[in-house]
There are 2 protein chains.
Amino acid sequence: MARKRFDDSSCSVARALNEVGDWWSLLVVLHAMYGTRRFVDFQQELGIARNILCDRLARLVDNQVLKKVDVGEHGSRFEYRLTEKGRDLFPIVIALRQWGDKWNPAPDQEPLDLRDRLTGRTIRPMEVQDADGKPLTVRDVFVPEGDAADELKPRKAKRQPADKP
Amino acid sequence: MARKRFDDSSCSVARALNEVGDWWSLLVVLHAMYGTRRFVDFQQELGIARNILCDRLARLVDNQVLKKVDVGEHGSRFEYRLTEKGRDLFPIVIALRQWGDKWNPAPDQEPLDLRDRLTGRTIRPMEVQDADGKPLTVRDVFVPEGDAADELKPRKAKRQPADKP
DNA sequence: TAATCTGGTTTCTTCAAGCAACCTTATTAA
DNA sequence: TTAATAAGGTTGCTTGAAGAAACCAGATTA
């Protein structure tokens, strides 16, 4: 049956995945970040089926991650370019890349070395930080009581230690 | 036909998406980060079909994102817990959450307010930074020449300005 | 002894991914 | 002037995965 959608989910992660959480969308965005703009180039670089690419590009345009620009030059007609919303996926893509490099390194290949164009410095590993820049792990964060956090009550009552008196 | 897999891709983003790039896996990991550990709890919280949850949990265990622990207490038998590799997905999940909150805010709901457990401070927006902590956008980074970047030659020769003399 | 809980597996249906062929418009080559 | 090629799709077909619901087995509790 059709995939379940999360458009109206109260969870922003689910809503984000709704737009870029399929197998291809983030790879399309990634290549757009590398400079790819044309249908055929996406198709060749990604090895994606043409109808699926059509569908993904249209969906990304619908969701305003990409915009479709008519460039009427020598036989080519359209370009797909990142919007600000699309460019804003940069931290996600970088975090994914770093995770992949760390935990599934390619057997005989150096990880891709991204650097600051101006200074030539490598980028640092993505980390979650508090307001001061102090790194935080998943164990360091919590959701204030009374917040709209019904979706993630840490533990059901029936699962409390009191379960077995 | 079956989904294309990227196990052996030279792109670490593709390899990462291979493990957590489907509709459900990251949501399972997200709820694991919130403290969910049991099959039935994942199932109820996510509203996922049981066979699909089985499949995803098994795949995540295979990929060492989760580990399956036998806890033989009162009828319950197993728990699924994050490994270090799984906990390392934290920046990705947070980046997704922030992107979703920023670009697809829920109509009548405040974004989830995650805070540092110790200081009570909110976490800061994820950003890509250079070695000094300077924020970088997608336009600020490049891949050094000669690097293993065959996959992302910025532009095909045929697409250069020289195209039309 | 039966009901319940947990963690599944099985069956069936529907939909989407992938492949390949085809199509339309515009440009270039012969 | 016609033919070939390129860009950007669309259509039809096949297969596999997602979803729903039923079923099941071992252990616990009532």
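Every chain is numbered from 1, with letters handed out A, B, ... down the list of sequences.
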Atom [atom1] of [X] to atom [atom2] of [N]: distance rounded to whole Å?
X	N	atom1	atom2	result
B/Asp70	C/dT6	CG	P	15 Å
B/Arg59	D/dA18	CZ	C1'	12 Å
A/Leu53	D/dA7	CG	P	13 Å
B/Gln44	C/dT6	CD	P	8 Å
A/Arg37	D/dA7	CZ	P	16 Å
A/Asp41	D/dA7	CG	P	8 Å
B/Asp55	D/dG16	CG	P	15 Å
A/Gln43	C/dA20	CD	P	11 Å

Tell me whether the NZ or CZ atom of A/Lys68 lies within the 45° cone about the ring axis of A/Tyr80 and under 6.0 Å from its centre.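 No, A/Lys68 does not sit over the ring of A/Tyr80.
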Assign [X] to base, sugar-phosphate, or nothing according to its heavy-atom contacts below 4.0 angstrom with the strands shown.
X	value
B/Arg5	nothing
A/Trp23	nothing
B/Asn51	base

Want to settle it: does A/Leu57 or B/Trp24 sit nearer the 5' end of DNA chain D, counting the closest nucleotide to each?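 Final value for this comparison: A/Leu57.
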Please tell me which of the listed nucleotides, [options], lies nearest to the side chain of [X]?
X	options	result
A/Ala49	C/dT6, D/dA18, C/dC19	C/dC19
B/Phe78	D/dA18, C/dG8, D/dG19	C/dG8
A/Ile52	C/dA21, C/dG7, C/dA17	C/dA17

Are OP1 or OP2 of [N] and a side-chain N or O of [X] less than 4.0 angstrom apart?
X	N	value
A/Tyr80	D/dA7	no
A/Arg50	D/dA7	no
A/Lys68	D/dA7	no

Do the side chains of B/Asp130 and A/Arg124 get close enough for a salt bridge, i.e. N-O under 4.0 angstrom?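 No, no charged N to carboxylate O under 4.0 Å.
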B/Asp41/B/Arg37 ion pair, N-O < 4.0 Å: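 A salt bridge is absent here (no side-chain N lies under 4.0 Å from a carboxylate O).
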Spell out yes or no: do the side chain of [X] and the base of [N] have one donor N/O and one acceptor N/O closer than 3.5 Å?
X	N	result
A/Arg77	D/dG8	no
A/Arg38	D/dG8	no
A/Arg3	D/dG19	no

If you take all heavy atoms of A/Leu82 and A/Met33, which pair is closest and at what distance?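 In terms of heavy atoms, the two residues are closest at CD1-CG, 3.5 Å.
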Do you know the tightest heavy-atom contact between B/Phe142 and A/Asp116?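 Shortest heavy-atom separation between B/Phe142 and A/Asp116 comes out as CE2-O, 3.4 Å.
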Would you say the ring centroid of B/Trp99 lies under 6.0 angstrom from that of A/Phe90?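 Not close enough - the centres of the two rings lie 6.0 Å or further apart.
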